[in-house]
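Worksheet: the structure to be examined is printed underneath.
Both backbone and side-chain heavy atoms feed into the values below; hydrogens, waters and symmetry mates do not. Lettering follows sequence order; numbering is per chain, from 1. None of these values were measured; they are calculated from a predicted model.
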There are 4 protein chains.
Amino acid sequence: MAADPLSPRKQPVQARSRALVEAILVAAARVLEQSGLEGFNTNRVAEAAGVSVGSLYQYFPGKTALLAALVRQDAAAFGEALTQAANQGATLRETAEALIDVMIAHQSERPALARALDFAERDLDLEHEDDTVMLALTQGALARHAAELPGVDFAEAAQDLMVIGRALSDSGIDPASLKRRLLRAVLGYLTGP
Amino acid sequence: MAADPLSPRKQPVQARSRALVEAILVAAARVLEQSGLEGFNTNRVAEAAGVSVGSLYQYFPGKTALLAALVRQDAAAFGEALTQAANQGATLRETAEALIDVMIAHQSERPALARALDFAERDLDLEHEDDTVMLALTQGALARHAAELPGVDFAEAAQDLMVIGRALSDSGIDPASLKRRLLRAVLGYLTGP
Amino acid sequence: MAADPLSPRKQPVQARSRALVEAILVAAARVLEQSGLEGFNTNRVAEAAGVSVGSLYQYFPGKTALLAALVRQDAAAFGEALTQAANQGATLRETAEALIDVMIAHQSERPALARALDFAERDLDLEHEDDTVMLALTQGALARHAAELPGVDFAEAAQDLMVIGRALSDSGIDPASLKRRLLRAVLGYLTGP
Amino acid sequence: MAADPLSPRKQPVQARSRALVEAILVAAARVLEQSGLEGFNTNRVAEAAGVSVGSLYQYFPGKTALLAALVRQDAAAFGEALTQAANQGATLRETAEALIDVMIAHQSERPALARALDFAERDLDLEHEDDTVMLALTQGALARHAAELPGVDFAEAAQDLMVIGRALSDSGIDPASLKRRLLRAVLGYLTGP
DNA sequence: AATGAATGAGGATTCATTCAT
DNA sequence: GATGAATGAATCCTCATTCAT
């Protein structure tokens, strides 16, 4: 009965429905970006999407689910981009650079949105779910350079680097120096003292 | 009129007033810890403090200000503890350990509270304000070991380490391995490749 | 325009239509039984019937009409069963027993449904309409035993007994003793002091 | 935490508060009487009482509780009146008359309200709670005339008579003949065949 | 200064009903 | 006729804030 309040209500099959869901998500992202979690409410999102509240609730069982969908959508896109990057680079440094570039790109595109989504992800305890993919990805990328990383626990390192990467890219640090500093943190962690 | 909504309304001079403010803050922390930002509301806090809402508003211009006071109080306490640690340790490693111990202690004492405060700090954009002290502190600690850190930009490093330290200690990583991993991240960053 | 909101919209002539109406009514009964008046809504009924809401509205002008149809259907079935019983029994007592058996059977079959329908009947002020048949029936049954009932106003008695019978059978009284008690009430009323 | 949704939220101690609660209950009764359970909603009641919704919720945890309070208030008043009557009358018939007079009075004063309250009482499953007193009362009244009632199970009879009495007085029967018919039903039940 | 009752805007969610396809 | 997506008014309830006492 009381279904999962974080999952969408039904899969939009028809083309029109998919467009509607898409419109809602786009509007939701905009509202979240401009007004923060504070100002994020279903009525506002529906209005911004040019849709009735009822329609919103047709596809999302509640405010939380909408937020969760946003988070997941972003995580998925991010994961995809990371996947590309993870397989690039002949050296550890090159791979690190590729991954960092993705992180920075993701974050600098819509900083306020990225921040709010990070926020929401924690709030909804969606971290674990989303991070599994990225963790695996990162771990794989590390494993590819095992030769350069003697004695490193890949699982552990992947987790730490994920946390560090996120935190730094989301910290508001001057974008110009961000890449250099992230690189330092990552390579330092891995090949450090 | 439109006064700073983040600052306390007036300095409580009388002893009784100070006690009242203290009681409110203690209660606020408890409420925040137990119910999260979601359940944090002025009526609840006032009740938990055994005080009337009116009195709460006598000393805090609004909910936000109360939250801000909590954040600042915590930051101050944290800063104090860090100050102690920053001056300890003959070697860089030792100093780093001392600082990390403080971070972990601060975080592990009331994890839920620490998390919510971190949350709130960001939400209220209080980061800059609070971090100034810690930044200076960290920077000083680094400077003390300048010999071991050739070519390091202390200001920059302090900022990065602060971010990294916070993120890792708040990440929910197994407390048992947390210190080791934090140390690795910090020393790696500083003395890395 | 403002048509009677309690009457069905049109007589389903086609076989398929009749089946559809039947399916809706069956589903409606089930929903009402399982979820009460509270949870009784057109969307739910339509879904339970495996029919679109639009179709439901094709045959019933509104929620109320659907409910009314349910009430009437039940009343009709009940009336039919009573008709059988009303003509049985050589003595007053025997006839009373037959009628009471029907009442109890009707009520105990789907108690929750019976209750909700009673509820709805009152809510929609359908009592008068439905009871006409039963009243006539009861009155007839009494008349058959006029010899045993000197000085009794059959119309009045029929109404009173109807009310009493319904109330008692719907009162949640232990089914084991229900018949005896109903009999006592009825015969007491009729042949009393 | 999730306290009893049927009980009031706090006892109004101050005179003003009591007046407010009283005003709310009076308004609630009026709304219920005029608009039925259908149109009974907290906003409407608050408005009718000249009070803000917030104030209503200060004293009643929800719509249901408000309704329950109304039912209980009515039941209490009714019980009180019955208590008076139950001790009157030298003969069974006289006592029965006294009780029936109270029932009729209670019902005929505000018929629509009485009906809706009966309705609500069932809806909220408050029957048992309220009826205990009346049952005991009735049982006592019967016991007082035990000599006239050989072989009668007072507990059972009290329950049956309660049900019968309510049903008849609430049935919309012509008030002029109501008393006579009720008396017949009651005495018939008790002293019948 | 303290109290806490009162306010009411705001926000989540439901569901009867319509109508374009 | 059938469909079911879309609508949005209606309703419940919360909580930041004020103000009379």
Side-chain angles (χ1 to χ4, degrees), chain A residues 5 10 12-14 16-17 19-21 38-47 50-66, chain B residues 5 10 12 14 16-17 20 38-47 50-66, chain C residues 5 10 12 14 16-17 20 38-47 50-66, chain D residues 5 10 12-14 16-17 19-21 39-47 50-64 66:
Chain A
K10 54 171 144 178
V13 203
Q14 311 279 332
R16 189 150 71 111
S17 307
L20 197 151
V21 167
E38 200 59 28
F40 184 82
N41 68 261
T42 51
N43 291 307
R44 192 109 82 105
V45 168
E47 191 187 16
V51 155
S52 70
V53 222
S55 287
L56 190 157
Y57 277 90
Q58 190 105 105
Y59 294 103
F60 301 94
K63 177 194 188 171
T64 302
L66 180 52
Chain B
K10 50 173 132 178
Q14 308 285 332
R16 187 151 72 109
S17 306
L20 199 152
E38 200 60 27
F40 185 80
N41 69 260
T42 51
N43 289 301
R44 188 109 84 105
V45 169
E47 192 189 15
V51 157
S52 70
V53 222
S55 288
L56 190 157
Y57 276 87
Q58 186 81 198
Y59 294 105
F60 301 93
K63 177 191 188 174
T64 303
L66 178 53
Chain C
K10 50 174 134 179
Q14 309 283 331
R16 186 150 72 109
S17 306
L20 199 152
E38 199 61 25
F40 184 81
N41 68 261
T42 51
N43 289 301
R44 190 109 84 104
V45 169
E47 191 189 15
V51 157
S52 70
V53 222
S55 288
L56 189 158
Y57 275 87
Q58 186 79 201
Y59 294 103
F60 300 93
K63 178 193 188 175
T64 302
L66 178 53
Chain D
K10 55 170 143 179
V13 203
Q14 310 281 333
R16 188 148 72 111
S17 307
L20 197 151
V21 166
F40 184 81
N41 69 261
T42 52
N43 290 312
R44 191 108 83 104
V45 169
E47 192 186 14
V51 155
S52 70
V53 221
S55 288
L56 191 158
Y57 277 91
Q58 190 106 100
Y59 295 103
F60 301 94
K63 176 194 188 169
T64 303
L66 180 51

Atom [atom1] of [X] to atom [atom2] of [N]: distance rounded to whole Å?
X       : N      : atom1 : atom2 : answer
D:Leu20 : E:dA5  : CG    : P     : 11 Å
D:Phe60 : F:dC12 : CZ    : C1'   : 16 Å
A:Arg44 : F:dG8  : CZ    : P     : 19 Å
A:Gln58 : F:dA5  : CD    : C1'   : 6 Å
C:Lys63 : E:dA16 : NZ    : C1'   : 8 Å
D:Glu47 : F:dC12 : CD    : C1'   : 16 Å
C:Leu56 : F:dT3  : CG    : P     : 11 Å

Looking only at the side chain of D:Tyr57 (C-beta and beyond, no hydrogens), which of the listed nucleotides E:dT14, F:dT3, F:dT14 gets closest?
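Of all the options, the side chain of D:Tyr57 is nearest to F:dT14.
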Please tell me which of the listed nucleotides, E:dT7, F:dA6, F:dT17, lies nearest to the side chain of A:Tyr59?
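Nearest listed nucleotide: F:dA6.
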Roughly how far, to the nearest 0.5 Å, is the CG atom of B:Asn41 from the CD atom of B:Glu47?
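With rounding to 0.5 Å, CD (B:Glu47) is 9.5 Å from CG (B:Asn41).
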Would you say D:Asn41 places a side-chain N or O within less than 4.0 Å of OP1 or OP2 belonging to F:dC12?
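True: D:Asn41 side-chain N/O within range (under 4.0 Å) of F:dC12 OP1/OP2.
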So which heavy atom on [X] is nearest to which on [Y], and how close?
X       : Y       : result
A:Gly62 : A:Tyr57 : CA-CE2, 3.8 Å
D:Lys63 : D:Phe40 : CE-O, 3.1 Å
B:Ser55 : B:Leu20 : CB-CD2, 4.4 Å

Using the closest heavy atom to pick a nucleotide of DNA chain F for each, name whichever of C:Val53 or B:Glu38 lands nearer the 5' end.
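Of the two residues, C:Val53 wins.
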Given that C:Ser52 and B:Phe40 both sit by DNA chain F, which one's nearest nucleotide is further toward the 5' end?
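Its nearest nucleotide lies further toward 5', so the answer is C:Ser52.
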A:Thr42 or C:Gly54: which one's nearest nucleotide on DNA chain E is closer to the 5' end?
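That would be A:Thr42.
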Quick check: on DNA chain E, is the nucleotide nearest B:Gly50 upstream (toward 5') of the one nearest D:Ser55, or the reverse? Name the residue that is more 5'.
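The 5'-side residue here is B:Gly50.
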Mind checking if D:Asn43 touches a base, just sugar-phosphate, or nothing, with heavy atoms under 4.0 Å?
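D:Asn43: base contact, heavy atoms under 4.0 Å.
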Of A:Val45, A:Val21, A:Thr42, the residue whose pairing with A:Phe60 passes side-chain contact (heavy atoms from CB on, under 4.5 Å):
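Result for side-chain contact (heavy atoms from CB on, under 4.5 Å) with A:Phe60: A:Val21.
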Does F:dA20 pair with anything, Watson-Crick or G-U wobble, both distances under 3.5 Å, and if so, with which nucleotide?
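Paired with E:dT3.
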